[in-house]
Each structure stands twice: as C-alpha cells, then as structure tokens.
Amino acid sequence: MKTPRTPCWRNAGPSQGESSSMRSLIITRWSPDRSDGGGALRNLQNLRALSALGTVDVLSVGDPEEVVRPVEGVAHWVHFPKPELPRIRIPGAWFFLPHRHPMTHGYLNRDALVHIAALKRGTYDVAVVEEISLASYVAPLRAVGIPTVFDAHNIEARLREDVDRIRAGAKLRYRLRQPFLNARLGKVEGRVVRKASLVWACSALDADLLRETYHPAAPVAVVPNTVDLAAMAKACAAQERQTLQGDDPALLYIGTYAYPPNVVAAMRLVTGILPALRARDTALKAMLVGRGATAEMYEAAGADPDITVTGAVDSVVPYLSQPCIVVLPITLGSGTRLKILEAFAAGCPVISTAKGAEGLDIHDGKNIVIAESDADFVAAIERLVKDPEARRRIGKAGYQTVNNLYSWAVASRAIKDGLALIGVSK
C-alpha cells in the first residue's frame, strides 16, 4: 500500500546520536520544537533526551497549517493534519461508538495509521506516544513489532472529573453526557496503559495512581517534568540582581488557558486575592501570561490597569526575568506543574496551594510557600513583598531543587533507566 503524500522533512546529514544503534520515533500533537505550554515542553525534554541516545524521527498529528521544517535533534519529521470531524448532533451518539472518545478520535488520522502499518519490524527500537489524545496509535505500533512507551502527561480520567466540577453550571445535556464520556475515557486510558510496553508517569504519585487504577502488566517508570536550566540562566541572574536591589515584585501566573483549571486559578488571583491585597493598602500589579486567555480574563484586564493579560508569548523568560512572585491558587487538575519548575529555575519565589504543587519535592517555607485560602495567599504575599531577603532565599532554594531533581539531565537519566526496563537502552 502506497503511503499518501504528506508534509515531511528529512535531515540529509548525521543526527546528534548517529553513533548509537538506537532509533526512536516520537508520536506527538506538537511541533517538535514548540515550547509554549506544559505538554509541548515535556515533549521537547523527551526529544532532547532521546536524541542523545540515537536517531529520532517525529510523527505529528495536529494543526493542518503546521510548517514542517528542520528541527534540532530530529532526523525525519512527517506531519498529518488533525482530521475535521463532523459534529455529532444525535443525542447519545457516542454511546454507539465503542472504544472511542472525542479526545482520542479527534486525532485519529487514517493516513497516519497507514504510515505506521507500512513500517517494518526493527525500523525503530522504541516509539514514544505522547499523552492520551494519541492513544489510538499505541496498538498499531505494537502490531508492527515496535516496543511502545505511553507517556501519561496526566491521569486523564481524574482530570476530567475536576473539569466537570468547573462546568457544574453547564447545560443539562453536558451534565448528562459527561459522566458517560468520563467513564469511556477511563476505559480508553486503561486499555492504552495495559497495551503499552512501558508507561512513563510524571511523578511517583501519578505512577502509584496508574498502578492502582489500571493494574498494568508493563513497568511504570517515573520520568519527571523538567526544565532546561541553560534557557533560564538569564532570568535567574536578573531575578537575583533585582531582588537584592529591593525592586517591588509583580504577581505572575503562567499557564495555558485552554486548560480550565488555569482559568479558575488565574481569575481567583485577579478577582479575589488582588482586591484583598488592595483592601490592606498593598498595591501590586498582576500578569496573566500564556495563550488561550478567555474573554473574562481580558474583561478583568480592561477594567483594571494593574492587570495585564499577555496572550501567547514566544518565551516566558522575559516575564520571569522581572521582579515577581509566582502565585498559583490552584484547586483543580492533575500532573506536575511545569510553571512551578520554570519559576524555580528562574529563582522566583512561588506561593501555591498544596494541590498546585502535588507530585513535586516541595517544603513549605524553604523552597515554596504553601497557602490555601485567599487570606493565606494575601498574608504570604505581604510577607514576601516586605522581605526581599526571604524572596531571595526561597527563590534560591527553588533553583537548587530544580538543579538536583528536575533538570533536563535528570530527565535523560530517567528515560535511559526506564527504557532499560524493557531492554531498549543499556
């Protein structure tokens, strides 16, 4: 069967790890060099680690307008557009589509399946399938004899329950449909976890939850979310200098706002915590950084000159280079937050709920400040604003945490050790 023509790029020269016999394939919905958002950053860290072990090819399914181009560390990149699915208007229609869920079905490109089916056994030593949206590609890769890793960015069934709580006031049709779809997603997640040769989890907490929920026969290895410390070096130096100068900090929230828990937390910051600070004569600016900002976020910024909504940015480094306190009043969601690790890498002090920092090696009052109620956040912010040395001390401890536990070098070791469990790397 002839593989359909698709946008692709092949490197004519040697790849970074060509001296090694290992060859990897990454299946992702992001362009390989994209760095905005937690999913894209995790994909980038995995690509860098695998490219150090050998040759890496990428198969992406996503934006139909994606421009396929040379990317560092990638030998060959082929892209398939995310299919445009007809809207299903029949009530309960998903009930009659067994083994499917809108999240995974929306990334099921038939040409990509043909491309995978045409692969010969031994073409790749390992394939890595990034996150639940691409779960449909695990079984076809296993069918052609390729050991396949499922990278569980989140525990999706648990995450959907949190999202539904956010949308508790939605239309009756949504509230009737979602419990069924969440149960279906749990089944999809369970099948892919059990079908994979190896599962990667973001933390020991997630790894234990995967084992307890789905009982996979395959190993579950922890590959933490990590940060490129070199990319954050300028921000770290600027933060240290400005803190020593006693510059007033801004309150910073970084996130992808297509993810509902980020919207809830960001709005809590600007509509609850910020006004409470003003009531105590603490006047600070707040910045909401990241793509997908909602109309209510822009409305809040339009009504208050002390609130800035940036929209999509090329890099968070300029914002983390300013004097700031990263404030994360998160109550919903799952996984480990790269926004905390980025702040740590920049030497920025972080105030977060325990939920927002779950899965990370954090110690209240040492490398982070934990707060739960709005009053807790207000008190913690006021303490740090008045005490630049405390900001510097907590920021420095956060940096040491990333350096020791959450750098790209740590991810590389975890990936190599994890692959050794299935005989792929030594």
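This is a predicted model, so every value here is computed, not measured. In this chain, numbering begins with 1 at the start of the sequence shown.
At most 12 non-hydrogen atoms from other residues, nucleotides or ligands lie less than 6.0 angstrom from CG of Asp314. Applying the 6.0 Å contact sphere to CZ of Arg280 captures no more than 12 heavy atoms from other residues, nucleotides or ligands. The number of heavy-atom neighbours closer than 6.0 Å to CD of Glu299, taken from other residues, nucleotides and ligands shown, is 12 or below.
Checking each of Glu130, Glu66, Glu131 against Trp30 for a side-chain hydrogen bond (donor to acceptor under 3.5 Å, both in side chains) leaves exactly one that passes, namely Glu131.
Residues Leu53 and Met22 approach most closely at O-CB, 3.5 Å, considering heavy atoms. Taking each heavy atom of Ile273 and Ile381 in turn, the nearest pair found is CG2-CD1, 3.8 Å. The two residues Pro216 and Leu210 come nearest to each other via the heavy atoms CD-O, 3.8 Å. Among all heavy-atom pairs drawn from Asn46 and Trp200, the shortest one is ND2-CZ3, 3.9 Å.
Under the 4.0 Å criterion applied to side-chain N and carboxylate O atoms, Arg34 and Asp63 are not assigned as salt-bridge partners. The existence of a salt bridge linking Lys339 and Glu342 is excluded, since no basic side-chain nitrogen approaches an acidic carboxylate oxygen closer than 4.0 Å. Checked for salt-bridge contact, Asp33 and Arg69 meet the test: a charged N lies under 4.0 Å from a carboxylate O.
The side-chain heavy atoms of Ile370 and Ile362, taken from C-beta on, include a pair separated by under 4.5 Å.
Panel note: side chain Arg391, backbone Leu384; a donor-acceptor pair is recorded below 3.5 Å. Judged purely by atom type and a 3.5 angstrom limit, Thr353 uses its side chain to pair as donor or acceptor with the backbone of Gly356. Of the possible polar contacts, one joining the Asp125 side chain to the Arg23 backbone as a donor-acceptor pair under 3.5 Å is found.
Note: Leu419 CG to Leu50 CG = 6.5 Å, rounded to the nearest 0.5 Å. Summarising the geometry, atom SG belonging to Cys348 is positioned 4.5 Å from atom CG belonging to Leu320; distances are rounded to the nearest 0.5 Å.
Using a 3.5 Å distance cut-off with no hydrogens or angles, the side chains of Ser412 and Arg48 do not pair a donor with an acceptor.
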